[in-house]
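A quick write-up on the structure given underneath.
Note that the numbering runs from 1 along the sequence shown for the chain. These numbers come from a predicted model, not from an experiment.
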Amino acid sequence: MEKQAITYELLHECKQTGARRGIVHTPHGDIQTPVFMPVGTQATVKSMTPEELKEEVKAQIILSNTYHLYLRPGHKLVEEAGGLHKFMNWDRPILTDCGGFQVFSLSDLRKITEDGVEFQSHLDGSKHFFSPEKVMEIENSLGADIIMSFDECVAYPATYEYTKNSMERTTRWAIRCKEAHKNTEKQGLFGIIQGGFYEDLRKKSAEDLIKLDLPGYAIGGISVGEPKEEFLRILRYTTPLMPKDKPRYLMGVGTPDYLIEAVLAGIDMCDCVLPTRIARNRNSTNNIWKGSC
C-alpha cells in the first residue's frame, strides 16, 4: 500500500454537536485540530516574522497561494531555492491552495473551459493558462505538505444548471489532479467539495470526490457573500458528508463567529487573511465583509 503524506487521527468527537479534536500528521510535524491557518499569500504572513508566528501566534501551519507565487517570484525559482519551507524559513507544515478562488475573483479577466482557465494577470495583464495538470506542476514545485486540487468557485447567486455543470467539471478536474500529482509520499492532495447552495449538488460532489480516496477534503464555494443563514445551512449539511477519518477543511473563513460555527459543525481546519489584514489596517470586523479572503 502506498504511503500517504497526510493522515488524520481522531481523538474525540462531541455527540451533541459533531465538534471534534484530532491530529493531522504531516511530513513537517503534527497539527493539533481544530486549527486556524494564518495566510502567507506570497510566502510571508504580512507584518510578521516566522519567529513571531511560532512564539507569539503559536501557528502550527500556514497557507500560501499558488496563483500569486506562480506570478511572482515563480514556482520554479521557489523550487530552485529548496521549496517553500526553505524559501520562507518555515520548518512547520504548509498548505498551498490551488488558485481557484483567485481565478474566480478575476471574473472579467478569465475564460473557463473543460481544459482549464485562461486568465490575465492582475499585475500586468499578461495571459496565462491554468489546467489541473499545470496547477499540480506548480504545487509540486512549491513543495507544501498539503496541496489542493483545482476547482471552480461559483459566485453567489448562481443558477442550478450553471452550478451543476461547474461542480461536475470540478470533479473531473480533481481526477486529473490526482493523476498528475507526482509527489504523493511528501504531499497530500485534498479534494474540494463544490455545489453552491444546492444540497443535492453538494451531496453528489462529496460522494464522487470521496471515491477518489484522497487524504483530505475541503468545503469550497461558501462564504462568498451569501447571507449567514445560507452559509450555516450548507456548512451543517455538507460537513457530515465528509469522511470521519480524514481532515475536514473549510476554506476562506476567519471571523470569530464563523470559526466557532465551523468547529461546532465538525470542521478541523480554516484559513483567512482577515486577522492580519485587520491588524495591519486597524479595521473593525464590523466593517469587513465576512467572505473568502
Side-chain angles (χ1 to χ4, degrees), residues 41 64-72 74-76 96-142 144 147-183 187 189-198 200-212 214 217-226 234 238 249 251-252 291-292:
T41 303
S64 285
N65 184 269
T66 291
Y67 166 84
H68 288 285
L69 290 171
Y70 161 77
L71 291 178
R72 59 179 182 188
H75 59 292
K76 289 301 181 182
T96 47
D97 65 11
C98 67
F101 178 76
Q102 284 67 37
V103 170
F104 153 78
S105 301
L106 300 171
S107 56
D108 297 329
L109 302 173
R110 51 113 166 122
K111 178 182 178 182
I112 302 172
T113 66
E114 182 65 26
D115 290 334
V117 181
E118 182 182 78
F119 63 93
Q120 288 180 260
S121 165
H122 71 288
L123 298 174
D124 59 11
S126 57
K127 288 188 177 181
H128 303 268
F129 186 78
F130 271 9
S131 64
E133 293 77 15
K134 182 64 176 181
V135 169
M136 288 298 96
E137 175 200 320
I138 298 168
E139 293 197 84
N140 284 164
S141 292
L142 294 174
I147 63 177
M148 304 304 298
S149 61
F150 194 42
D151 71 326
E152 180 190 357
C153 183
V154 177
Y156 176 86
T159 66
Y160 183 89
E161 181 180 7
Y162 185 92
T163 306
K164 180 176 184 292
N165 290 335
S166 172
M167 177 273 291
E168 291 174 345
R169 181 167 53 240
T170 289
T171 299
R172 292 192 294 271
W173 284 357
I175 294 170
R176 288 167 58 186
C177 283
K178 182 179 180 180
E179 292 173 349
H181 178 31
K182 303 300 183 184
N183 202 14
Q187 297 178 287
L189 174 66
F190 283 22
I192 304 176
I193 298 169
Q194 290 290 352
F197 294 85
Y198 303 98
D200 62 323
L201 298 184
R202 287 283 172 178
K203 186 173 188 291
K204 175 65 173 171
S205 177
E207 289 174 346
D208 290 345
L209 290 173
I210 289 169
K211 290 176 184 177
L212 298 180
L214 299 172
Y217 293 92
I219 300 175
I222 63 174
S223 194
V224 290
E226 75 282 356
I234 294 300
T238 307
Y249 169 27
M251 307 180 77
S292 296

Query raised in the report: Partners of Ser166 by side-chain hydrogen bond (donor to acceptor under 3.5 Å, both in side chains), sequence neighbours excluded?
Result: Glu152

Requested in this report: Evaluate side chain to side chain contact (heavy atoms under 4.5 Å, CB included) for Leu142 paired with Ser64, printing each intermediate quantity in order.
Outcome: CA-CA 10 Å; Leu142 294 174; Ser64 285; over 6 Å; no

Query - Phe129: partners by ring pair (Phe, Tyr, Trp, His ring centres under 6.0 Å), with sequence neighbours left out - result: none

Query raised in the report: Say you draw a straight line from OG1 of Thr96 to CD1 of Ile138; how long is it, rounded to the nearest 0.5 Å?
Result: 10.0 Å

Query raised in the report: If you look at every heavy atom in Met148 and Ala218, which pair is closest and at what distance?
Result: CE-CB, 3.6 Å

Report task. Step through it carefully: locate the ring centre of Tyr67, locate the ring centre of His128, and say whether they are under 6.0 Å apart. Result -> no

Requested in this report: May I ask you to test the Met136-Gln187 pair for a side-chain heavy-atom distance under 4.5 Å?
Outcome: no

**Report entry** Smallest separation among heavy atoms of Gly252 and Ser223, with atom names
**Finding:** O-OG, 3.8 Å

Report task. Please report the closest heavy-atom contact between Arg169 and Thr113, naming both atoms and the distance. Result -> CD-O, 3.8 Å

Query raised in the report: Got a sec, which residues hit side chain to side chain contact (heavy atoms under 4.5 Å, CB included) with Glu179, two or more places apart in sequence or on another chain?
Result: Ile175

Report task. List for me each residue that meets salt bridge (Lys or Arg N to Asp or Glu O under 4.0 Å) alongside Glu114, sequence neighbours excluded, and say none if there are none. Result -> Arg172

**Report entry** Where His68 and Asn65 come nearest, the two heavy atoms and their spacing
**Finding:** N-OD1, 2.8 Å

**Report entry** Closest non-hydrogen atom pair, Cys153 against Val224
**Finding:** SG-CG1, 3.9 Å

Query raised in the report: Just checking, any donor-acceptor pair under 3.5 angstrom between side chains of His181 and Glu139?
Result: no

Report summary line: Taken to the nearest 0.5 Å, the spacing of Thr66 OG1 from Phe150 CZ works out to 10.0 Å

**Report entry** Distance, nearest 0.5 Å, that separates CG of Leu69 from OG1 of Thr41
**Finding:** 8.5 Å

Requested in this report: State the OG-OH distance between Ser121 and Tyr70, to the nearest 0.5 angstrom.
Outcome: 9.0 Å

Query - Chi angles and distances behind the side chain to side chain contact (heavy atoms under 4.5 Å, CB included) call for Ile222, Arg202 - result: CA-CA 11 Å; Ile222 63 174; Arg202 287 283 172 178; 3.5 Å; yes

Query - 4.5 Å side-chain heavy-atom contact, Phe101 and Met251 - result: no

Requested in this report: Spell out, as yes or no, whether a donor-acceptor pair under 3.5 Å connects the side chain of Lys178 to the backbone of Leu212.
Outcome: yes

Query raised in the report: Which atom names give the shortest non-hydrogen contact between Ile192 and Asp151, and what distance separates them?
Result: CG2-OD2, 3.4 Å

Report summary line: Hits for side chain to side chain contact (heavy atoms under 4.5 Å, CB included) against Ala158, two or more places apart or cross-chain, chain-then-number order -> Val154, Thr163

Query raised in the report: Nearest 0.5 Å, what's the CE-CD distance between Met167 and Gln194?
Result: 10.0 Å

Requested in this report: To the nearest 0.5 angstrom, please state how far the OG1 atom of Thr159 sits from the NZ atom of Lys164.
Outcome: 11.5 Å

**Report entry** Lys76, NZ: over 12 other non-hydrogen atoms inside 6.0 angstrom
**Finding:** yes

Report task. Using side chain to side chain contact (heavy atoms under 4.5 Å, CB included) as the criterion, list what pairs up with Asn165, not counting sequence neighbours. Result -> Glu161, Glu168

Requested in this report: Assess whether side chain to side chain contact (heavy atoms under 4.5 Å, CB included) is satisfied between Ser205 and Ile193, documenting all intermediate values.
Outcome: CA-CA 6 Å; Ser205 177; Ile193 298 169; 3.7 Å; yes

